[in-house]
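A quick write-up on the structure given underneath.
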Amino acid sequence: MSTYLLVHGAWHSGRCWERVVPLLAAAGHRVYAPDLTGHGDKAALLGPDVGLDTHVADVVGLIRDEDLTDVVLVGHSYAGLVVSSAANEVPDRVGHLVFLDAMVPEHGETAADLQPLTRVLIERALASDSGWRVPPMPELPPPYGLFGVTDAADAAWLRTLLSDQAVRTFQQPVRLDDPAARAIPRTHIHCVANVPEGIARRAVPANQPVWELPTGHDCMITAPTELAELLMKLS
């Protein structure tokens with residue numbers, strides 16, 4: 001039995017994993033899919049002080065509170081930064097890092113460094129009335145959809161899960177200064193269908209596996225069975 005900790009990306013909530021969690025659990029694995037601060041059941045906590053460090057503390061706190069070890073720590077999209085910094089804090093408790101169509105940072109980098117589009121979102125948020133709210137990305141014309149979700153019913157459900165993101169989450173740098181964290185095995189899963197223009201993806205080192213899913217960005221919604229099968233290869 002393995003322990004999976006699934007960390008959602010920007011604007012989403014832990015509910016985005018609802019189709020994957022039961023598949024992993026049915027195979028006998030322990031699965032956690034928490035809401036990060038400011039999202040889902042923690043939406044009321046959203047504020048200008050919520051940053052990347054807040055989300056890292058969410059994940060590290062859960063790992064410590066539940067006394068989890070040998071965790072398969074999965075970060076989707078923005079959460080590539082979250083799981084990287086979390087693994088840096090508790091490298092002895094993380095057995096494998098999975099970057100699911102995710103940002104893959106180096107020490108000191110921010111989301112804006114990794115994804116040029118994020119810089120535009122930051123500028124708009126700072127110039128807005130709130131000065132810190134980043135609204136969810138808009139739905140794009142076919143074949144791109146809403147975060148890669150093109151089915152009308154699925155997109156409607158996804159909209160109920162989305163909420164504003166605090167700009168500080170895109171501005172704070174990642175901490176990767178513990179050599180032990182760099183020794184944690186890493187696997188990358190790329191969603192390769194209908195990738196919008198302007199989306200950057202960092203080259204993966206040759207010693208780190210890369211798997212591909214022929215689906216859109218929110219693969220936990222569009223291809224949950226295929227995703228669960230890939231994740232269970234790591235158990």
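- Here the side chains of L73 and V98 are not in contact, with every heavy-atom distance at 4.5 Å or above.
- Atom NE2 of H12 and atom CH2 of W17 lie 9.5 Å apart (nearest 0.5 Å).
- H29 places a side-chain N or O within donor-acceptor distance of the main-chain N or O of S2, the cut-off being under 3.5 Å.
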Begin from the C-alpha positions of E106 and R182 and carry the test salt bridge (Lys or Arg N to Asp or Glu O under 4.0 Å) through to its verdict.
CA-CA 10 Å; E106 295 292 343; R182 293 195 172 273; 3.3 Å; yes

Determine, step by step, whether L6 and L231 satisfy the side chain to side chain contact (heavy atoms under 4.5 Å, CB included) criterion, reporting the C-alpha distance in whole Å, the side-chain angles of both residues, the deciding distance to 0.1 Å, and the verdict.
CA-CA 11 Å; L6 313 176; L231 293 177; 4.3 Å; yes

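- Atom OG1 of residue T118 and atom CD of residue Q171 lie 11.0 Å apart, to the nearest 0.5 angstrom.
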Can you check side chain to side chain contact (heavy atoms under 4.5 Å, CB included) on R64 and V90, steps first, answer last?
CA-CA 9 Å; R64 286 177 169 156; V90 286; 3.6 Å; yes

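- Shortest non-hydrogen contact noted between V20 and A228 is CG1-CB, 4.4 Å.
- V50 and L36 are members of different hydrophobic clusters when ILVMFWY side chains are connected at heavy-atom separations under 4.5 Å.
- No donor-acceptor contact under 3.5 angstrom links the side chains of S13 and H39, judged on distance only.
- Rounding to the nearest 0.5 Å gives a distance of 11.0 Å between CG of L227 and CD1 of I221.
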Donor-acceptor pairs under 3.5 Å, side chain of residues 190-205 to any protein atom, not counting sequence neighbours: which ones?
unit_1 : atom_1 : unit_2 : atom_2 : d
N194   : ND2    : P143   : O      : 3.4
R201   : NH2    : D101   : OD1    : 2.3
R201   : NH2    : C191   : O      : 3.4
R202   : NH1    : V104   : O      : 2.9
R202   : NH1    : E109   : OE1    : 2.8
R202   : NH2    : E109   : OE1    : 3.3
R202   : NH2    : E109   : OE2    : 2.9

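- With rounding to the nearest 0.5 Å, the separation of CG in L162 from CH2 in W11 is 9.5 Å.
- The shortest distance between side-chain heavy atoms of L46 and Q165 does not fall below 4.5 Å.
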Would H96 and R186 count as a side chain to side chain contact (heavy atoms under 4.5 Å, CB included) here? Give the steps.
CA-CA 6 Å; H96 207 108; R186 298 178 174 210; 5.5 Å; no

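- Taking 4.5 Å as the limit, every side-chain heavy atom of V74 sits out of range of all side-chain heavy atoms of L5.
- Nearest heavy-atom pair, V174 versus H107, reported as atom, atom and distance to 0.1 Å: O-ND1, 3.7 Å.
- A 6.0 Å sphere centred on CZ of R119 holds more than 12 heavy atoms belonging to other residues, nucleotides or ligands.
- A distance-only check finds a donor-acceptor pair linking the side chain of D113 to the backbone of T110 [under 3.5 Å].
- With contacts defined as side-chain heavy-atom distances shorter than 4.5 Å, the pair K42/D58 qualifies.
- The heavy-atom pair separating G9 from Y78 by the smallest distance is C-CD2, 4.2 Å.
- Salt bridge present: D154 and R19 bring a charged side-chain N and a carboxylate O closer than 4.0 Å.
- Judged purely by atom type and a 3.5 angstrom limit, H8 has no side-chain atom pairing as donor or acceptor with the backbone of R15.
- Cluster annotation: Y144 and L158 are assigned to distinct hydrophobic clusters (Ile/Leu/Val/Met/Phe/Trp/Tyr, side-chain heavy-atom contacts under 4.5 Å, transitive).
- With contacts defined as side-chain heavy-atom distances shorter than 4.5 Å, the pair V7/V59 qualifies.
- Here the side chains of P185 and L97 are not in contact, with every heavy-atom distance at 4.5 Å or above.
- The two atoms that bring T215 and A223 nearest to each other are CG2-CB, 4.0 Å, heavy atoms only.
- Between the side chains of S85 and N88, no donor-acceptor pair is found at a separation under 3.5 Å.
- Here the CZ atom belonging to R168 is positioned 12.0 Å from the CD1 atom belonging to I122, to the nearest 0.5 angstrom.
- In this structure, CD on E18 lies 5.0 Å from CH2 on W157, to the nearest 0.5 angstrom.
- Of the N and O atoms on the side chains of T37 and H55, not one donor lies less than 3.5 Å from an acceptor on the other residue.
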Mind running side chain to side chain contact (heavy atoms under 4.5 Å, CB included) on L24 and M232 for me, showing each step along the way?
CA-CA 7 Å; L24 297 175; M232 284 189 285; 3.5 Å; yes

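- No donor-acceptor pair under 3.5 Å is formed between the side chain of E139 and the backbone N or O of G145.
- Taking the side chain as every heavy atom from C-beta outward, R30 and Y4 never approach each other to under 4.5 Å.
- The heavy-atom pair separating D53 from P173 by the smallest distance is OD1-O, 4.5 Å.
- In terms of hydrophobic clustering, with Ile, Leu, Val, Met, Phe, Trp and Tyr side chains grouped at heavy-atom distances under 4.5 Å, L126 and L121 are assigned to a common cluster.
- Scanning both residues, G80 and F99, for their nearest heavy atoms gives O-CE2, 3.6 Å.
- A single hydrophobic cluster is seen to contain both L176 and I184, as judged by linkage of ILVMFWY side chains at heavy-atom distances under 4.5 Å, directly or through other members.
- For the pair S77/H217, a side-chain contact is recorded, criterion being any heavy-atom separation below 4.5 Å from C-beta on.
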